[in-house]
Amino acid sequence: MDIKLLHLHPELMSLYGDWANVALLRRHLGDLGHTVTVEQVSLGDDLDLSGADFLFLGAGTERAADYALTQLRPWGDALCKAAAEGLPMLFAGTAMELLGKSITAADGTETAGLGLADFTAVRQDRRIVGDVFGPTALFDEVIVGFMNKCALIHGVETPLLTACTMGFGNDAQGGAEGYHKDNVFASELTGPLLVKNPRLLETVVQAIYARRGQTLPAEKPSFPYAQAGYAITAEQLRLRLEKENASKK
């Protein structure tokens, strides 16, 4: 099977090694026996969604994200249509903020978002920085990642993380985080997200397969180092949380 991955504005939105999300997805699909093409959509390029199997936009500074929004806004209707038709998409870090109805800057200036979701993003002067982990309804493992944001995300009805066992969520400490509806996945977590979370990677791959009317093979490539790395991260975060909670007593 020939698979096409779209990587939007990697020259602008690739903080925290987020390009590795696409690199790992390409390798994983290649190990499954597919021919994988990564098409980078740079500034000034047309966005052609025909034949695409996956779309990714990574994290950037707020200034970079705002500029990316100006480039993507002409394609907002096409992106909404593709999302409704089941095109798997992942938006990481500040890219998540672009999906909603609006973005309000710290000075109160409001800008329209892409409209893929109904939530709103309100930026503040204070930054929220730190490690995060929490459960998801997608599988029985926690999702781990790193957050560095200044926006509060309000109105998410279908979050990616149902709660944050450690860290800040969309708009509250310990609250739900991210966004997930159908095949659209979004989170302010970076790190990069698919590299840190093998089960989330598999979930995205499964979405790509399902849209093609295919099912994942029973015997899949094994990546023991990825799973071991995830297990160590999750355990160390859990132990750190237990220590922090014990110090408060």
Side-chain angles (χ1 to χ4, degrees), residues 5-19 21-22 38-50 52 54-85 87-129 145 147-160 170-171 177-193:
L5 313 179
L6 295 183
H7 189 174
L8 305 186
H9 303 313
E11 77 285 6
L12 191 66
M13 302 287 283
S14 282
L15 285 179
Y16 311 112
D18 268 357
W19 60 268
N21 286 304
V22 177
V38 176
E39 182 176 308
Q40 295 187 349
V41 181
S42 299
L43 297 176
D45 292 346
D46 288 337
L47 178 58
D48 182 7
L49 297 173
S50 61
F54 175 78
L55 180 147
F56 175 71
L57 182 65
T61 64
E62 282 73 29
R63 183 178 180 182
D66 289 344
Y67 188 65
L69 178 60
T70 67
Q71 301 300 295
L72 293 172
R73 187 171 283 116
W75 314 108
D77 289 344
L79 287 168
C80 289
K81 184 173 183 290
E85 293 174 348
L87 176 64
M89 304 178 181
L90 174 63
F91 298 85
T94 47
M96 175 181 166
E97 299 170 17
L98 310 186
L99 302 188
K101 292 189 297 186
S102 65
I103 301 171
T104 301
D107 65 2
T109 304
E110 183 176 305
T111 304
L114 294 173
L116 273 75
D118 289 334
F119 61 74
T120 60
V122 180
R123 292 174 180 164
Q124 52 186 356
D125 291 329
R126 180 176 68 93
R127 298 204 69 83
I128 302 166
V129 182
M147 176 178 288
N148 184 352
K149 70 170 187 174
C150 66
L152 300 180
I153 309 294
H154 301 300
V156 175
E157 296 183 358
T158 54
L160 182 63
N170 287 324
D171 58 5
E177 200 283 327
Y179 172 82
H180 170 238
K181 184 176 181 181
D182 300 325
N183 285 341
V184 178
F185 305 85
S187 173
E188 292 266 26
L189 302 185
T190 58
L193 199 55

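No hydrogens, no waters, no symmetry mates; every other heavy atom, side chains included, goes into these values. Please read these numbers as outputs of a predicted model, since none were measured by experiment.
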(request) Walk me through it: do L189 and L160 pass the test side-chain contact (heavy atoms from CB on, under 4.5 Å)? (result) CA-CA 11 Å; L189 302 185; L160 182 63; over 6 Å; no
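Once rounded to the nearest 0.5 Å, the distance linking CZ of F185 with CG of L90 reads 8.0 Å. Taken from CG in L152 to OG1 in T120, the straight-line distance is 9.5 Å, to the nearest 0.5 Å. Distance CG/L47 to CH2/W75: 6.5 Å, rounded to 0.5 Å. Between the SG atom in C150 and the CD atom in Q124 there is a gap of 7.0 Å [rounded to 0.5 Å]. H7 NE2 to E39 CD: the interatomic distance, rounded to the nearest 0.5 Å, is 12.5 Å. Atoms CG and OG1, from N148 and T61 in turn, are 10.5 Å apart once rounded to the nearest 0.5 Å.
Between C80 and L114 the shortest heavy-atom distance is SG-O, 3.6 Å. Minimum heavy-atom separation, N21 to P192: ND2-CB, 3.4 Å. Here the closest heavy-atom approach between residue A78 and residue L49 is recorded as O-CD1, 3.6 Å. For the pair M89 and A83, the tightest heavy-atom approach, listed with the atom from each and the gap, is CE-N, 3.6 Å. When all heavy atoms are compared, the tightest approach of Q71 to G44 is OE1-N, 3.7 Å. In terms of heavy-atom proximity, T190 sits nearest to A59 at CG2-CB, 3.7 Å.
Annotation: side chain of T158 is not in contact with side chain of H180 (no heavy-atom distance under 4.5 Å). The closest side-chain heavy-atom distance from W19 to P10 is not below 4.5 Å. Between M147 and E177 the shortest side-chain heavy-atom distance falls below 4.5 Å. Here the side chains of I153 and Y179 are not in contact, with every heavy-atom distance at 4.5 Å or above. Two residues are said to be in side-chain contact when any heavy atoms from C-beta on lie closer than 4.5 Å; L98 and F91 fail this criterion. Counting heavy atoms from C-beta on, the side chains of M13 and L8 never come closer than 4.5 Å. At a threshold of 4.5 Å between non-hydrogen side-chain atoms, the residues M96 and N170 count as touching. Inter-residue side-chain proximity for K181 and L99 is flagged as unmet; no heavy-atom pair is nearer than 4.5 Å.
Sorted by first then second residue, the side-chain hydrogen bond (donor to acceptor under 3.5 Å, both in side chains) pairs that include residues 92-106, not counting sequence neighbours, are E97-R123.
The backbone N or O of D48 lies less than 3.5 Å from no partner atom in the side chain of D46, so there is not a single donor-acceptor pair. No donor-acceptor pair closer than 3.5 Å links the side chain of D171 to the backbone N or O of H154. For the pair T70 (side chain) and Y67 (backbone), a donor-acceptor distance under 3.5 Å is present.
Heavy atoms of other residues, nucleotides or ligands lying less than 6.0 angstrom from CG of D45 number more than 12.
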